Amino acid sequence: MKAASAPGEFALKETSPAIAGAGVAGHKLSSTYDLVEQMQYLYVRVVKANELPSKDLTGSCDPYVEVKLGNYKGTTRHFEKNTKPEWNQVFAFSKERIQASIVEIFVKDKDVVKDDFMGRVIFDLNEIPKRVPPDSPLAPQWYRLEDHKGMKVKGELMLAVWMGTQADESFPEAWHSDAASVSGDAVGKIRSKVYLSPKLWYVRVNVIEVQDLVVNDKMRFPEVYVKAMLGNQGFRTKTCQAKTLNPMWNEDLLFVAAEPFEEPLLLSVEDRVGPGKDETLGVCMIPLQNLQRRWDHKPVNTRWYNLEKHMIVDGEKKEIKFATRIHLRICLDGGYHVLDESTHYSSDLRPTAKQMWKPSIGVLELGVLSAHGLMPMKTKDGRGTTDAYCVAKYGQKWVRTRTIIDSFNPRWNEQYTWEVFDPCTVITVGVFDNCHLHGNNGMRDSRIGKVRVRLSTLEADRVYTHSYPLIVLHPSGVKKMGEVQLAVRFTCSSWINMLHMYSQPLLPKMHYIHPLSVIQLDSLRHQATQIVSMRLSRAEPPLRKEVVEYMLDVDSHMWSMRRSKANFFRIMNVLSGTIAVGRWFHQICNWKNPITTVLIHILFMILVVYPELILPTIFLYLFMIGIWQYRWRPRHPPHMDTRLSHADVAHPDELDEEFDTFPTSRGNDFIRMRYDRLRSIAGRIQTVVGDLATQGERFQSLLSWRDPRASALFVTFCLVAAIVLYVTPFKVVALIYGVYSLRHPRFRQRLPSVPINFFRRLPARTDSML
């Protein structure tokens, strides 16, 4: 292995797995499994049985099939009182763990004390045919049952036995020998699965007005507002201040809904009778299936809805008929992209409406090879163990590999494919420990680590094979949980379309024509993540809520001292180039290196004499820098950087604060200490923001005559400058200014210059601050 640029145990490592696609460019089909190592499996498909002998007193039997290969044993479900059962179940045995020369398929009768033997079929492993996808599936055949002595007995079994790889179409649904220790109910929880995120819509409810309100108290005008509920999402309009029975709002409320729409939109008109006491004046239930769908900014048609009101009479709810109506404009906004991921790590930026989708620009292929050195995540039989599986998310497609039971070095070798519509997107791969295999339904699947790969950082048609460190931040500090080995390839189908994407807005046009506020986006993203996690947790087997939330970075918005420091130093790193240029220019002006200063004088005079060369010189300089740095371009995908994240130097109390619940669960002393620390830091930020505001207000006061003498001086200076610049050639002015700026230190003074002194004396609005 070759170590990449990051040093230490958290480094990214380039690997050389034995995969067919390594170093191969061009379009590859996922069915070839060329990004993973080929794994050989013995497949046994048990289809059905016929004419089984009766074993019970009732003249029937309760048959099931047991497939045995050495120490590994897999069984089908049993059928009660059925001599012609159909199982249609596949068993897969890893060739690496085969320690026998024959495979035995037993047919047994389920009994209370001891299961009865009904017959068997034996295959020699050396005579089993090999099948290489995409060959046609091997047709099952009827085999007569034999007893222990090899004699034919009554009954026959339809089977298919072959040697294949993980690219076989039977692989995802097969029972695996790795799951031999798992109960039958949990077998489905370890298989690889593909999930699709629900299609998300923004529901826009424009509340216009209500007509003919009926209130109980005729002596007062109601204080009315409209409350809207969609599932667990609830919003309300402002209280109408007009004293009328026909209140108006013209206010928008936004919700997130997912297809298929399961819950209706519930609107209620409320009257604030007193403090903390509201009275419902009418309700309206609107199914989302009937709403108009739009994908542009054109207004939809308005509609009047009748309001209903119920009252309890003699213990029964009765509907009151009256003529109150509510005027609404409701639609499903398909022109937006419903954000359910962090905006920094989005994997899909398309709008909801398929009519606005553009053709794909390529294919992303991911090979999940293996993991190494995983940490024990739980205890079983007095020893540490890990049942690891991977989850990958890109676009609307989620994939989950099979769970490898009790292994710190699991090998998955599974390959998946996604369509790519935008190169500036990110694929996220997470590794988890399966905690639901032995009846621990109350536990949560533990996080082992996460990897992100941005497609725009990948060269097209190149296979990247790297071992990524799995890094997790614990209250005790940053910890490496192992490494996961991935193979990634981005294949571009149209270079023109891909380059054209760089000129397009990142989000759909509706985000710019009718933008949503930051508060709206945060609230809607929270609702979207809750809907996605709820829908995926209802799949079978479920993709659990804690897994979905970890992949979607649900808690990324929470305050963290560590993140704040990291972002501050990121800003300083960005500004370091400007600061370095300023220091270099200061050295030039102070003649630290006379030769360089003379050359700068010559270059400056050339540009002044020939000003048309200024812009070409700047762009040529940038071109030369870009060409020079091409030699040191990054060769590896970016990965989690503990130093950049300040995870390796975080104080224990800062980590404890980051992992604290919201609201806090710590004692008063801890809260007081952290509050004082936060006040101290916020005071510094407040000072910096105040200083920036002061400089801006001084610029404004130049012509505001807040200081009449300063404004008079500045206006006079502007008049003189306009006359001088009019009669003096620009080249002369630029030459004088440049030579003056580059003058020798003996002609300089250490005191601030006149313009700076004048600017610092200008008034700001700090005098009006309390």
Side-chain angles (χ1 to χ4, degrees), residues 18-21 28-52 63-76 84-108 118-153 155-180 187 191-192 367 402 411-415:
I19 61 176
K28 295 291 179 182
L29 298 176
S30 60
S31 59
T32 61
Y33 265 62
D34 64 328
L35 293 186
V36 294
E37 298 177 349
Q38 294 294 326
M39 300 178 68
Q40 298 294 324
Y41 285 89
L42 169 66
Y43 289 96
V44 179
R45 177 183 292 277
V46 180
V47 183
K48 57 185 176 179
N50 189 27
E51 298 181 355
L52 295 179
Y64 71 93
V65 175
E66 177 183 285
V67 182
K68 184 177 181 182
L69 180 62
N71 297 326
Y72 295 102
K73 185 192 304 181
T75 59
T76 67
K84 297 181 179 181
E86 292 189 15
W87 294 282
N88 198 26
Q89 190 169 343
V90 181
F91 298 85
F93 299 86
S94 176
K95 187 177 181 181
E96 293 181 347
R97 302 187 180 185
I98 294 179
Q99 298 178 350
S101 59
I102 60 173
V103 55
E104 300 174 282
I105 297 99
F106 299 94
V107 181
K108 295 185 177 182
M118 302 175 67
R120 68 175 182 177
V121 179
I122 300 178
F123 292 91
D124 190 333
L125 295 184
N126 296 323
E127 299 178 357
I128 294 177
K130 293 184 179 180
R131 176 174 174 264
V132 179
D135 293 349
S136 299
L138 190 65
Q141 301 180 32
W142 286 105
Y143 293 89
R144 288 291 302 273
L145 298 180
E146 301 176 353
D147 59 14
H148 290 294
K149 297 181 180 180
M151 303 298 293
K152 303 294 183 181
V153 296
E156 53 185 352
L157 188 63
M158 181 178 280
L159 297 170
V161 184
W162 72 94
M163 296 295 297
T165 67
Q166 74 271 36
D168 199 291
E169 69 271 7
S170 300
F171 180 81
E173 298 298 328
W175 174 95
H176 290 269
S177 55
D178 297 334
V187 169
R191 291 174 176 162
S192 58
R402 69 190 189 282
R411 296 180 62 204
W412 294 285
N413 284 305
E414 299 182 23
Q415 185 169 336

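Predicted model only: the values in this text are computed from it and were never measured. Numbering starts at 1 and runs along the sequence shown.
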Would you compute the distance between atom CH2 of Trp412 and atom CE of Met39 and round it to the nearest 0.5 angstrom? 11.0 Å

Beyond-backbone contact of Leu42 with Leu69, side-chain heavy atoms, under 4.5 angstrom: yes

Considering only heavy atoms from C-beta outward, does the side chain of Val103 approach that of Ile98 to under 4.5 Å? no

Name each donor-acceptor pair under 3.5 Å that joins a side chain in residues 139-146 to protein atoms two or more places apart or in another chain, with its distance.
| unit_1 | atom_1 | unit_2 | atom_2 | d |
| --- | --- | --- | --- | --- |
| Arg144 | NH2 | Val153 | O | 3.2 |
| Glu146 | OE2 | Lys152 | NZ | 3.2 |

Listed by chain and number, what are the side chain to side chain donor-acceptor pair (under 3.5 Å) partners of Gln40, not counting sequence neighbours? none

Side-chain (Glu37) to main-chain (Asn413) donor-acceptor, under 3.5 angstrom: no

Any residue meeting side chain to side chain donor-acceptor pair (under 3.5 Å) with Glu414, in chain and number order, not counting sequence neighbours: Arg402, Tyr416

Which residue pairs satisfy the side chain to side chain donor-acceptor pair (under 3.5 Å) criterion with at least one member in residues 94-107, sequence neighbours excluded? Glu96-Arg411, Arg97-Asp178, Glu104-Arg120

Is a side-chain donor or acceptor of Glu66 paired with a backbone partner of Phe106 at a separation under 3.5 angstrom? no

Under the side chain to side chain contact (heavy atoms under 4.5 Å, CB included) test, residues paired with Asp124 that sit two or more places apart: Asn126, Glu127

Step-by-step side chain to side chain contact (heavy atoms under 4.5 Å, CB included) determination, Ile105 to Val65: CA-CA 7 Å; Ile105 297 99; Val65 175; 3.4 Å; yes

Any side-chain heavy-atom pair of Leu157 and Val46 under 4.5 Å: yes

Which residue in the set Trp162, Phe171, Trp175, Tyr72 passes ring pair (Phe, Tyr, Trp, His ring centres under 6.0 Å) when paired with Tyr41? Phe171

Atom pairs and distances, donor-acceptor, side-chain atoms in residues 84-92, under 3.5 Å, two or more places apart:
| unit_1 | atom_1 | unit_2 | atom_2 | d |
| --- | --- | --- | --- | --- |
| Trp87 | NE1 | Thr76 | OG1 | 3.2 |
| Trp87 | NE1 | Arg77 | O | 2.8 |
| Asn88 | OD1 | Arg45 | NH1 | 3.3 |

With the side chain counted from C-beta on, respond yes when Phe123 and Leu125 share a heavy-atom pair under 4.5 Å apart, and no when they do not. no

Side chains of Gln38 and Gln166: closer than 4.5 Å at any heavy-atom pair? yes

With a 4.5 Å heavy-atom cut-off, do Leu52 and Met118 have their side chains touching? yes

Can you name the nearest heavy-atom pair linking Tyr43 to Thr165, along with the distance? OH-O, 2.7 Å

For Glu156, enumerate each residue passing the salt bridge (charged side-chain N to carboxylate O under 4.0 Å, His left out) test, keeping only those at least two apart in sequence or located in another chain. none

Salt bridge (Lys or Arg N to Asp or Glu O under 4.0 Å) contacts in which one or both residues fall within residues 159-171, not counting sequence neighbours: Arg131-Asp168, Arg131-Glu169

Residue set satisfying salt bridge (charged side-chain N to carboxylate O under 4.0 Å, His left out) with Lys68, at least two apart, ordered chain then number -> none

